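Here's the structure, in structure tokens; my notes come after.
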Amino acid sequence: VISALSSGVVTGLCYAFIAYGLAIVYRSSGYFNMAQGEICMFCGYVVFLVVHTTGSLLLAAVAAVLVGIATSAALQTLIIKRIQAADHFSILVATLAVGTVITEAVRLSINEGLPVSLPADLRIHVMNFGEIGGIQGVWITVMALLLAVALDAWLRFGRGGLALRAVGEAPPIAMMFGVAVPRVHLQAMAFAGLTAGLTGVILAVSFSYLTPYISTTLMFHGLAIVLVFGVTATWSILIGGVTLGLIEVSIVLWGPIEYHELITFLIIITVLLLRPAGVFRSRI
Amino acid sequence: MFAVPPYVDGLVTFGVIYVLLASAVHLTLLANYLMLSQIGLMLIAAYSSSALVLIGVPWIVAALAGVIASTIAAGLIGLLGLRLKDFPLAIASIAISEALRLTIVSTGILGGIAGLSGIPKASNWQVSVLILLAMLLSLAWFHQSRTCREVIALGDDEISARALGSNPLRLKILVSVLSGVLCGCAGALYASYVRFLDPNFFGFSTLIFILVFVVVGGARRMFGPCFGVALLWILPGYLDFLADYRLIVYSVIVIVILMIEPGGLAALAERLVRQICGAASSVQGTRHRASGNKNQKLKGGLNEQQTTYDKSA
């Protein structure tokens with residue numbers, strides 16, 4: 001039971017990382033980057049490719065983070081910036097299309113779209129709900145906590161965080177006070193890329209296998225966390241992710257396994273209806 | 001008499017189904033009301049009409065019952081507007097759709113994950129086109145109405161709309177119900193054409209397809225869904241030569257269209273028509289100006305002649 005619950009924590013942290021990326025972009029720009037899940041999946045594949053080429057997980061993690069940042073920054077500069085003036089629905093669809101391009105590119109170019117996985121000694125068997133082995137589980141938890149603390153401190157006290165919040169609240173006023181709004185948008189996307197890279201690392205080491213289509217489930221969980229637990233406090237996202245992971249594992253352990261997805265959706269609907277402003281009353 | 005190849009039959013019927021669903025999304029977007037349960041409503045209509053047909057109810061009655069079921073469900077989902085708005089509403093409504101699909105998958109009712117088969121065929125492209133025409137006429141009538149203007153005002157600014165006497169909840173439920181009617185028609189048509197219901201069809205990916213049709217066509221314009229479906233549903237058929245790269249090219253086209261005109265194809269068409277009309281009117285204006293100058297010159301000449309005549313006199 002303890003090992004399964006630990007697996008739930010790691011899966012939940014993975015969801016929380018996706019939610020961080022979504023939340024930071026939402027707070028600066030007011031829209032959700034629907035390609036976030038695909039960028040995470042792409043970073044997971046980068047980890048797989050680098051490990052298979054060099055054998056080093058650390059190098060793979062660095063590469064995944066860099067690729068995540070570069071992809072997100074490119075998305076912002078080449079596409080979103082050019083349609084930023086349009087309504088958020090257009091940006092949503094444009095990012096969905098970018099997500100499709102990434103999924104298809106991965107499907108066509110890596111292992112013919114078949115599932116891939118890291119060597120067994122580098123993995124922790126989260127999705128099998130087996131034993132949570134190795135040092136990776138601890139690393140992931142520590143990394144998530146550190147990131148949550150750093151992000152919270154940056155948003156509260158850092159100049160960049162202040163600028164980001166100002167741009168999110170009222171871009172014209174932020175501009176009047178000398179904040180470079182496009183640069184802040186780019187920084188937020190780059191930060192989302194960083195979290196995508198870290199999510200990719202967690203995906204690669206903790207999930208039994210990776211497929212190009214894993215991103216849809218991840219995205220839906222990430223969005224649910226952001227909406228149910230709010231975006232204003234980073235610790236609430238962390239709690240949300242872990243709670244969702246634990247709920248899923250608990251249903252698998254003690255509930256009817258074939259209903260676990262249905263129950264998750266019903267919980268999301270119920271929470272949204274009972275507390276529309278989020279569990280922690282942090283309005284988005 | 002009007003026999004067409006099966007490929008064209010399928011293309012037209014599915015095109016109409018997608019136009020119906022995209023128009024249903026368009027109606028809710030007019031009110032800026034992100035109720036995105038359209039696929040779930042379609043599922044309700046498709047499954048309920050098929051279940052009735054399978055127990056011997058005539059298709060037309062079963063289809064009507066499906067539309068009514070979908071409409072009632074849409075009205076109930078519309079009540080979400082009492083508690084939720086914007087993205088939380090979108091997520092809750094999508095979650096309702098998914099919960100409906102997962103209920104069928106998990107419980108095994110109505111065929112479960114294996115799908116519901118043996119539904120008799122009752123529609124073809126002629127039926128689809130008739131439904132499309134009826135839908136377009138109704139939508140055109142709605143777009144001319146005062147209620148539609150209230151809905152648009154609500155979408156632009158809810159507080160101002162409320163100040164002008166509109167009842168936002170009534171309008172939100174109204175667009176949900178209208179959306180439910182269109183989804184019901186799409187569901188009944190789909191079930192009777194495909195004759196097999198796979199619960200996976202009613203998933204998130206189909207909703208994404210519909211959203212792409214709406215946004216690329218023009219989310220706030222009546223013919224936007226038609227433009228979107230015409231381009232993005234018919235186009236992939238011609239992209240077959242690209243084989244595996246088809247979806248990539250398709251997505252790139254979507255991105256390029258949004259970068260050129262974020263208002264979608266309908267807005268692009270409007271802009272082109274305006275430019276052409278503007279060019280035509282400016283040509284006409286130039287002619288008017290030219291003839292005006294000519295008259296002035298003529299008048300000036302006459303005046304000069306008059307002055308010369310006066311002087312000489």
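Everything numeric in this text was worked out from a predicted model, so none of it was measured. All chains are named by letter (A, B, ...) in the order of the sequence lines, taking the proteins before the strands, and each is independently numbered beginning at 1.
At a 4.5 Å heavy-atom cutoff, the contact between Leu78(A) and chain B is made by backbone atoms alone. Residue Leu89(B) does not touch chain A at all, counting heavy-atom pairs closer than 4.5 Å. Heavy atoms closer than 4.5 Å to chain A are found in both the backbone and the side chain of Ala95(B). Of the two parts of Leu108(A), only the side chain, counted from C-beta on, holds a non-hydrogen atom closer than 4.5 Å to a non-hydrogen atom of chain B. Heavy-atom distances place both the backbone and the side chain of Leu262(A) under 4.5 Å from chain B. Of the two parts of Ile257(B), neither the backbone nor the side chain holds a non-hydrogen atom closer than 4.5 Å to a non-hydrogen atom of chain A. Heavy atoms closer than 4.5 Å to chain A are found in both the backbone and the side chain of Thr107(B). With a 4.5 angstrom heavy-atom cutoff, Val254(B) touches chain A only via side-chain atoms. Proximity to chain B (any heavy atom under 4.5 Å) is restricted, for Leu92(A), to the side chain, taken from C-beta onward.
In this structure, CD1 in Ile225(A) is found 11.5 Å from CD1 in Ile91(B), a value given to the nearest 0.5 Å. The line from CD1 of Ile269(A) to CD1 of Ile96(B) is 5.0 Å long, rounded to the nearest 0.5 Å. Between Leu258(B) atom CG and Ile80(A) atom CD1 the span is 11.5 Å, to the nearest 0.5 Å. Annotation: the span from Leu211(B) atom CG to Met34(A) atom CE amounts to 8.5 Å, rounded to 0.5 Å. Residue Arg107(A) holds its CZ atom at 7.5 Å from CG of Leu247(B), rounded to the nearest 0.5 Å. Separating the OG atom in Ser90(A) from the CD atom in Glu261(B) is a distance of 9.0 Å, to the nearest 0.5 Å.
Counted within 6.0 Å of CZ on Phe14(B), heavy atoms from surrounding residues, nucleotides or ligands total more than 12; the atom is thus considered enclosed. Open room surrounds CD1 on Ile159(B); 12 or fewer heavy atoms of other groups in view lie less than 6.0 Å from it. The number of heavy-atom neighbours closer than 6.0 Å to CG of Leu273(A), taken from other residues, nucleotides and ligands shown, is above 12. Atom OH of Tyr18(B) has more than 12 neighbouring heavy atoms from other residues, nucleotides or ligands inside a 6.0 Å radius.
The shortest heavy-atom contact between Ala97(A) and Ser251(B) is O-CB, 3.5 Å.
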